[in-house]
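Let me begin by presenting the structure, written as structure tokens, before commenting on it.
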Amino acid sequence: MDIRQQLHAAIKRLGADVPFVELEVPRVKEHGDLSTPVAMTLARTLKRPPRSIAEEIARELEQWQIFSSIEVKGPGFINFRFKREYLVEQLKEILTNTERYLRPHMGDGKRVQIEFVSANPTGPLHLGHGRGAAFGAALCNLLQRAGFDVEKEYYINDAGRQVQLLGESIYARYRELLESEYRFPEDGYQGQYIYDIAEELIKDRGRTYLDREFEEVKEEIINYGVHRMLREIEQDLKAFGVTFDRWQSERSLYSEGIVHSCLDELKERDLLYEKDGALWFRASEFGDEKDRVVIKQDGTYTYFASDIGYHWFKLRRGFDELINIWGADHHGYIPRIRAVLKALGQPDEKLNIILVQMVNLLRGGRPVQMSKRKGEFVTLREVIEEVGPDITKFIFLTRKADSHLDFDIEVARKESSENPVFYVQYAYARISSIFRKAKERGAEDLVIPGNLNRLSEDEEVELMKKLSLYPLMFEGAVRAREPHRVTFYLQELASLFHSYYNRHRVLTDDPQDARARLSLCSAIKRVLDEGLSILGVTAPEKM
RNA sequence: GCCCCCUUAGCUCAGUAGGAUAGAGCACAGGAUUCCUAAUCCUGGUGUCAGAGGUUCGAAUCCUCUAGGGGGCACCA
């Protein structure tokens with residue numbers, strides 16, 4: 001938003017330096033359309049009373065003709081009110097330069113890698129993964145629109161004990177199905193899906209594994225299970241509308257020598273040492289609470305070793321920023337991963353770890369009991385099938401990532417006003433319907449941007465203001481990496497539209513008015529469409 | 001035991017980089033449709049921002065302590 005730039009310039013002319021000009025929409029109408037407390041921030045460094053600074057800034061901006069008033073109020077707020085002509089100009093911009101207007105460039109082509117979901121290929125995705133998926137995908141959409149070069153990656157934990165257990169579990173069920181009774185591994189995966197995989201295995205490979213011990217065939221069975229699980233995970237994500245650019249296998253980090261090269265480099269830099277027959281990383285020198293084992297006494301690698309290698313590999317691929325979206329239960333790993341990047345000489349800001357909180361699944365207000373170990377859990381697929389992807393995503397994105405979320409299936413599936421998705425989608429469908437009607441009446445030419453100056457009803461002015469604030473909201477969401485701001489904005493915009501719709505007719509008898517109003521609707525429609533597409537939610541022409 | 005996150009209206013949550021008089025939705029009550037979709041709109045009222053200190057021109061927001069809820073501690077993954 002160039003108001004910020006103008007303020008920046010004005011402040012510079014005062015001889016002050018300011019890193020960021022805060023702009024906010026005042027809660028109270030009397031405080032104008034837009035406001036900045038920047039003079040108060042400057043008061044400290046300039047050692048001058050904030051009100052006099054504010055007045056000076058206000059004077060600087062008066063030459064710029066877009067405000068109907070600039071007032072200095074309270075301890076030193078500068079409050080702006082837009083001229084209607086300016087709002088009309090903005091509206092015209094949305095209609096003629098839609099993309100440039102709605103997608104302000106902030107990224108400068110900076111390369112960002114976003115790693116998310118990354119669920120172990122040992123079971124189906126559950127609802128918590130769905131939240132991570134919805135969030136990650138929305139964040140990607142957001143950053144892409146801001147001009148970042150984004151890569152979406154799924155990290156596959158296909159090495160180590162968990163997939164070993166998957167293999168053992170499948171093998172056990174395989175024998176059980178063919179011979180009855182077979183000892184099941186203690187921490188094995190007990191879900192029904194393991195039986196399903198075992199049955200497929202029987203169908204595909206017959207009884208060939210019966211006369212061989214697990215150790216002999218484990219490679220094959222693990223591979224079979226992992227591939228099978230990954231296929232399912234990918235399908236579930238696709239059904240949810242989430243796709244990835246890359247699937248990075250943990251195992252290939254070893255087979256391609258990435259972990260080795262990385263450890264070599266760390267060794268050269270004296271960041272590793274041997275103790276008690278194990279190899280340690282000096283994490284404690286870089287902010288972690290203690291050093292961490294990389295290679296165990298028995299010569300095998302820890303999970304942390306692959307993680308180091310993975311992040312090292314990401315850096316080598318030349319990204320400017322790495323975003324890791326993790327379940328909140330992983331927060332304990334943050335210091336050690338940060339330690340790795342610090343040890344490799346990377347600035348702190350390069351790695352951005354976003355925690356997505358757990359989802360509490362409810363049904364009719366009562367919690368649904370789940371246990372991954374016992375294999376009792378509600379899968380993402382089940383929820384998508386029962387509730388639908390749009391609703392599910394939208395609900396996930398009505399909260400910021402780092403807050404607990406109650407997801408009530410019963411409430412979510414209701415087609416009622418308890419469900420905010422419909423509210424926004426309905427606004428879109430209503431506008432679409434108006435355009436259909438306009439066409440029916442042979443008034444297609446009405447869609448040509450008409451004399452927008454006719455837009456002078458209170459509701460129209462409010463709508464234009466809201467539309468003109470989209471870029472400000474967008475920039476905030478991008479900067480904070482918070483897609484949920486888009487969700488809230490859309491609800492507010494939809495609300496203004498519904499009010500407008502109920503009070504005024506768009507297709508009035510006066511063709512000039514109708515034309516102007518259709519133009520306004522067209523802009524609203526575009527913004528709704530844009531916002532919904534960031535969230536990954538469809539914009540229906542009809543409901 | 002140690003560490004991290006959360007606590008805002010009856011419920012679910014926003015609160016934008018410390019800013020002005022604390023905001024939605026739901027629920028509850030009443031009303032609106034000769035006309036573009038009533039999945040809509042309009043009118044009603046709520047707060048010890050968990051509690052106590054502190055930082056400052058100014059705190060829901062930052063710091064310390066306390067309470068409650070969740071999560072995490074490994075040569076597991």
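Sequence lines set the chain letters: A, B, ... in the order given, protein chains first and strands last, and positions in each chain run from 1. These figures come from a predicted structure and were not determined experimentally.
- In this model, the phosphate group of B:A74 is approached by a side-chain N or O of A:Lys290 to a distance below 4.0 Å at OP1 or OP2.
- Nucleotides B:C49 and B:G44, compared at atom C1', are 24 Å apart to the nearest Å.
- By the stacking rule of 5.5 Å between ring centres and under 30° between planes, A:His31 stacks on the base of B:A20.
- Of the possible polar contacts, one joining the A:Arg4 side chain to the A:Val21 backbone as a donor-acceptor pair under 3.5 Å is found.
- Here the nucleotide nearest the side chain of A:Met543, chosen from B:A39, B:G72, B:G19, is B:A39.
- Considering only the side chain of A:Glu30, B:U21 comes nearest among B:C5, B:U21, B:A17.
- Nucleotides B:A20 and B:A27 have their C1' atoms positioned 31 Å apart, rounded to a whole Å.
- Looking at heavy-atom distances under 4.0 Å, A:Ala328 makes contact with sugar-phosphate atoms alone, never a base.
- If you check every strand for non-hydrogen atoms under 4.0 Å, A:Asp276 touches a base.
- Residue A:Asn157 is classed as having no contact, given no heavy-atom separation below 4.0 Å to the nucleic acid.
- Atom CD in A:Gln357 sits roughly 12 Å away from atom P in B:G70 (whole-Å rounding).
- With hydrogens and angles disregarded, no donor-acceptor distance shorter than 3.5 Å links the side chain of A:Asn352 to the backbone of A:Ile323.
- Only the C1' atoms considered, B:U56 is 13 Å distant from B:C63, to the nearest whole Å.
- Picking from B:U40, B:C75, B:C4 the nucleotide with the shortest atom distance to the side chain of A:Trp280 gives B:C75.
- Taking the six-membered ring for Trp and thresholds of 30 and 60 degrees, A:Phe286 and A:Phe281 have nearly parallel ring planes, at less than 30 degrees apart.
- Looking at the side chain of A:Asp329, the nearest of the listed nucleotides B:C41, B:C76, B:G72 is B:G72.
- B:G71 and B:G53 are spaced 28 Å apart, taking the C1' atom of each and rounding to whole Å.
- Between A:Phe77 and B:A20, a base-stacking contact is recorded: ring centres under 5.5 Å apart, planes less than 30° from parallel.
- The phosphate of B:C26 has neither OP1 nor OP2 within less than 4.0 Å of any side-chain N or O from A:Tyr423.
- Nucleic acid contact class of A:Arg336 (heavy atoms, under 4.0 Å, all strands): sugar-phosphate only.
- Taking every side-chain heavy atom of A:Arg503 into account, B:C42 is the closest of B:C42, B:C75, B:C4.
- The local environment of CZ in A:Arg503 is sparse, with at most 12 non-hydrogen atoms from other residues, nucleotides or ligands closer than 6.0 Å.
- Counting non-hydrogen atoms under 4.0 angstrom, A:Asp307 reaches nothing in the nucleic acid.
- Within the 4.0 angstrom heavy-atom criterion, only backbone atoms of the sugar-phosphate kind lie near A:Lys400; the bases stay farther away.
- Separation of the C1' atoms belonging to B:G30 and B:U66 is 46 Å when rounded to the nearest angstrom.
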message = Quick one, A:Asn79 with A:Ile70, criterion side-chain contact (heavy atoms from CB on, under 4.5 Å). Give me CA distance, side-chain angles, the key distance, then yes/no.
response = CA-CA 6 Å; A:Asn79 298 337; A:Ile70 305 177; over 6 Å; no
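- Residues A:Lys267 and A:Leu279 meet the side-chain proximity criterion, which asks for heavy atoms closer than 4.5 Å.
- The phosphate of B:U12 has neither OP1 nor OP2 within less than 4.0 Å of any side-chain N or O from A:Arg399.
- Between A:Lys275 and B:C75 there is no side-chain polar atom (N or O) within less than 4.0 angstrom of OP1 or OP2.
- Note on A:Val294: nothing from the nucleic acid sits closer than 4.0 angstrom, heavy atoms only.
- Looking at A:Ser495, its side chain has no donor and acceptor atom pair within 3.5 Å of the base of B:A24.
- Contact annotation: side chain of A:Arg44 to base of B:G58, donor-acceptor pair present below 3.5 Å.
- Ring orientation note: the planes of A:His504 and A:Tyr500 are tilted relative to one another, at an angle of 30° to 60°.
- We find that A:Glu541 and A:Lys525 are joined by a salt bridge, their nearest charged nitrogen and carboxylate oxygen being less than 4.0 Å apart.
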inquiry  = Working note: A:Ile431 + A:Tyr501, criterion side-chain contact (heavy atoms from CB on, under 4.5 Å); need CA distance, chi angles, decisive distance, verdict.
reply    = CA-CA 9 Å; A:Ile431 295 173; A:Tyr501 182 91; over 6 Å; no
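- One finds a side-chain N or O of A:His484 lying less than 4.0 angstrom from the OP1 or OP2 phosphate oxygen of B:G15.
- Phosphate proximity of B:U12 to A:Ser403: absent, as no side-chain N or O sits under 4.0 Å from OP1 or OP2.
- Note: A:Asp187 CG to A:Gln162 CD = 8.5 Å, rounded to the nearest 0.5 Å.
- In this model, a donor atom of one side chain and an acceptor atom of the other lie less than 3.5 Å apart for A:His311 and A:Asn324.
- Among the nucleotides B:A20, B:U12, B:A38, the one closest to any side-chain atom of A:Tyr426 is B:A38.
- At B:A20, one or more side-chain N or O atoms of A:Arg27 fall inside 4.0 Å of OP1 or OP2 (strictly under the cut-off).
- Taking atom CG on A:Asp291 and atom P on B:A74, their separation rounds to 12 Å, with Å as the unit.
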Return the polar atom pairs (N/O with N/O) between nucleotides 32-35 of chain B and the protein under 3.5 Å, or none.
from: B:C35; atom 1: O2'; to: A:Arg505; atom 2: NH1; distance (Å): 2.6
from: B:C35; atom 1: O2'; to: A:Arg505; atom 2: NH2; distance (Å): 3.1

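- Side-chain contact of A:His404 with A:Arg399: a donor-acceptor pair under 3.5 Å is absent, judged by distance alone.
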inquiry  = Please convert RNA chain B into dot-bracket. A pair counts if it is Watson-Crick or G-U wobble with both distances under 3.5 Å; crossing pairs go in [ ] and bases paired with another strand get |.
reply    = (((((((..((((.....[...)))).(((((.......))))).....(((((..]....))))))))))))....
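- Checking B:A20, B:C76, B:C36 against every side-chain atom of A:Arg161, the shortest atom distance belongs to B:C76.
- Here A:Arg430 reaches the OP1 or OP2 of B:A38: one of its side-chain N or O atoms lies under 4.0 Å away.
- Closest approach to the A:His404 side chain among B:C6, B:C42, B:G19 is made by B:C6 (side chain taken as heavy atoms from C-beta onward).
- The residue A:Thr300 sits apart from the nucleic acid: no heavy atom pair falls under 4.0 Å.
- Using a 4.0 Å heavy-atom criterion, one finds that A:Ala429 contacts the bases of the nucleic acid, with or without backbone contacts as well.
- For the 3.5 Å distance criterion, the side chains of A:Ser52 and A:Arg48 qualify, holding a donor opposite an acceptor.
- For the C1' atoms, the distance from B:G15 to B:G54 is 24 Å, rounded to whole Å.
- A:Glu492 comes within contact range of no nucleotide atom at all, as no heavy-atom separation falls under 4.0 Å.
- For the OP1/OP2 pair of B:A24 and a distance below 4.0 Å, the side-chain nitrogens and oxygens of A:Arg485 include no atom meeting the criterion.
- Residue A:Arg479 has its side chain nearest to B:U16 when only B:C13, B:U16, B:C6 are considered.
- At the heavy-atom level, A:Gln297 lies under 4.0 Å from base atoms of the strands shown.
- Comparing B:A59 with B:A50, their P atoms are spaced 15 Å from each other, to the whole Å.
- Ring pair A:Trp247/A:Tyr154 is parallel by interplanar angle, where below 30° counts as parallel and above 60° as perpendicular.
- Of the candidate nucleotides B:C42, B:A20, B:G19, B:C42 has the atom nearest to the side chain of A:Ser499.
- When the P atom is used for both B:C26 and B:C42, the distance is 11 Å, rounded to whole Å.
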